[in-house]
Number of protein chains: 2
Amino acid sequence: MKIAIAGSGALGCGFGYHLQKSGEEVTLLDNWADHIQVVSENGLTITVNGKEDNLKMNMCKPHELNEEMDAIFVFTKSMGLKPMMESIDHIIGADTKVICLLNGLGHLKTLEHYVDKKNIIMGTTVWTAGIDAPGITHFNGQGPVELQNSDPSEKEGALVIVDMLQRSGLNGVYSDNVNYTTWRKACVNGTMNALCALLDTTIEKVFSTSTIDSMLSGIVTEFATVARLQDDIKLDVEETITYLKNLADKVGAHYPSMHQDLANNRPTEIDFLNGAVAEASKRFGVEAPYCQKVTDLIHAKEDILGIPSASNS
Amino acid sequence: MKIAIAGSGALGCGFGYHLQKSGEEVTLLDNWADHIQVVSENGLTITVNGKEDNLKMNMCKPHELNEEMDAIFVFTKSMGLKPMMESIDHIIGADTKVICLLNGLGHLKTLEHYVDKKNIIMGTTVWTAGIDAPGITHFNGQGPVELQNSDPSEKEGALVIVDMLQRSGLNGVYSDNVNYTTWRKACVNGTMNALCALLDTTIEKVFSTSTIDSMLSGIVTEFATVARLQDDIKLDVEETITYLKNLADKVGAHYPSMHQDLANNRPTEIDFLNGAVAEASKRFGVEAPYCQKVTDLIHAKEDILGIPSASNS
């Protein structure tokens with residue numbers, strides 16, 4: 001299959017590497033010139049679960065690829081999805097599958113502006129990754145990658161991608177309810193991720209505070225309300241809180257991504273998490289004050305740090 | 001008049017100093033041994049609006065004073081009021097006036113456990129002060145000190161205290177609506193003070209963020225709702241927000257007290273501001289999620305910094 005990775009940061013490189021190793025024809029797309037140069041000259045250096053490898057890979061800027069793809073994996077930050085879709089419009093054909101594993105809410109709506117719904121495959125993954133330097137990345141975990149066709153009649157197309165991800169070692173699995181997994185993951189990011197960024201500390205510390213129950217239940221209740229109203233998804237508040245606490249026990253000493261964003265002067269994805277819940281709640285005539293407050297405070301932090309607004313990026 | 005200052009930090013020392021200079025018989029009470037020792041040995045060194053003075057003053061721990069007072073000014077932190085009242089019970093007689101100028105909400109209720117309502121005088125002040133070292137303080141501003149009797153039939157008693165504060169240069173004025181001033185001041189502290197503590201920055205920076213309007217209106221609306229339900233006080237939300245913005249323009253580069261509390265590992269007064277509004281709202285069957293979130297986050301910050309809970313202090 002001819003595959004493009006639209007947004008070849010750490011996760012994108014990891015996916016591209018595995019797919020090429022298993023025989024697919026992969027092009028990495030990105031806009032970071034240094035990264036492209038190093039990969040083009042020296043190949044991609046990648047450490048997968050502790051084992052380093054180097055692989056010669058095609059990499060260029062989106063406008064430099066001039067061929068319709070069979071499948072495109074989008075791996076941008078949430079706020080980068082729209083501009084990325086604009087820049088890869090010319091490689092999307094009538095049958096090009098577009099696979100979206102992004103964190104956050106509302107991405108299907110964005111994709112539908114650029115891709116026929118029958119070709120959109122939504123999913124989630126728990127692979128983790130990082131960039132150590134231009135051209136040098138690491139990739140950890142065992143997956144899985146859960147996938148589901150957005151158009152109910154297009155399961156077969158999704159199964160082809162699942163199968164390809166299985167063969168490449170990325171642990172693809174078909175899911176009947178990717179939307180639920182997406183909401184649940186958004187709930188994780190909207191609580192532990194947002195609170196660590198706000199309170200400038202680790203998950204462990206946030207979950208040891210005396211007010212953690214109150215902080216979690218306010219936010220989770222609002223996520224659950226909007227999940228039900230908007231997508232008919234049932235998020236059990238108590239069960240979700242228990243899940244969050246168990247997860248926090250495991251990943252304790254970690255600073256999640258939004259904290260890292262602020263620390264590195266990058267805009268956060270808050271508008272696609274708590275902000276999306278607050279916005280959606282207005283459409284349904286309910287309120288989401290906890291999510292609104294968290295969103296306001298994170299944006300205030302970005303402003304105080306002089307980080308340009310994500311909507312301009 | 002025989003006067004005790006119950007809690008002789010910076011403001012208490014400033015009041016005690018002015019009252020003794022104008023001829024009153026003042027005893028400073030406090031529990032800080034070093035401060036008592038320096039004042040007892042060297043007198044109080046105080047700089048009032050830039051002019052330094054030194055005055056020999058009586059100072060001891062609360063239990064060491066064994067005489068009923070004519071008037072007692074309480075000048076503790078909000079969470080220190082209850083323990084202070086316990087420790088000065090023996091100097092409160094049937095006619096002892098107790099004057100409370102503390103920031104925050106709910107102090108009248110606390111005082112009524114220890115003092116006959118007819119003797120309680122509530123008030124606010126805009127004098128500011130600081131401690132530079134044990135026995136060495138500064139005191140700034142021009143006042144005023146607004147006072148009002150809690151028992152409507154006791155205006156005469158309040159006027160006596162107002163008159164005394166006038167003569168001492170502390171700019172006492174009688175107010176028909178101290179409760180309104182108290183709520184409005186609580187609103188200032190519950191917004192700019194709390195947000196600066198949370199976002200770890202100055203008033204200027206907080207008020208320049210893109211989400212300031214949303215952050216202010218959520219909190220102020222909840223303060224206004226509880227002020228109306230609990231005390232029949234009308235806080236106009238729009239007018240209050242305009243007032244806050246004008247005030248922020250004037251005091252811009254300042255870090256308010258709660259920020260200083262966290263920076264110096266002391267518990268904040270959040271439970272007597274946003275926390276009091278959140279608690280009260282439950283009694284009236286309404287909700288105050290913005291105030292609840294801010295309170296939870298500030299307590300989480302205290303916990304993360306290892307600051308002991310105020311309720312244990």
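Each chain gets a letter, A, B and so on, in the order the sequences are listed, and its residues count up from 1.
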| said: Around atom CG of D89(B), are there more than 12 heavy atoms from other residues, nucleotides or ligands closer than 6.0 Å? | reply: yes
* Asked: Just wondering, more than 12 heavy atoms not from N264(B) lying within 6.0 Å of its CG?
  ->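 Yes, the 6.0 Å shell around CG holds more than 12 heavy atoms from other groups.
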Applied to residues 184-194 of chain B, the side-chain hydrogen bond (donor to acceptor under 3.5 Å, both in side chains) test, sequence neighbours excluded, yields N103(B)-K185(B), Y180(B)-R184(B), R184(B)-E239(B), N189(B)-N193(B), N193(B)-S257(B)
Sort and list the pairs that fulfil side-chain hydrogen bond (donor to acceptor under 3.5 Å, both in side chains) and have at least one residue in residues 286-295 of chain A, not counting sequence neighbours.
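Qualifying pairs, neighbours excluded: Q292(A)-D296(A).
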- Task: First locate atom CG of L297(B), then atom OG1 of T211(A), and finally report the distance between them rounded to the nearest 0.5 Å.
- Result: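 It comes to 7.0 Å.
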Would you compute the distance between atom OG of S210(A) and atom CD1 of I304(B) and round it to the nearest 0.5 angstrom?
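Taking OG in S210(A) and CD1 in I304(B), the distance rounds to 9.5 Å.
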Chain B contact via L195(A) - which portion, at a heavy-atom distance below 4.5 Å:
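The side chain, not the backbone.
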Those residues of residues 199-206 of chain A that come under 4.5 Å of chain B on a heavy-atom basis, listed by number, are L199(A), T201(A), K205(A)
Under a 4.5 Å heavy-atom criterion, the part of residues 213-223 of chain A in contact with chain B comprises S214(A), M215(A), I219(A)
Exercise. After noting the C-alpha distance and the side-chain angles of L198(A) and L198(B), does the key distance pass the side-chain contact (heavy atoms from CB on, under 4.5 Å) rule?
Worked result: CA-CA 8 Å; L198(A) 258 182; L198(B) 258 182; 5.7 Å; no
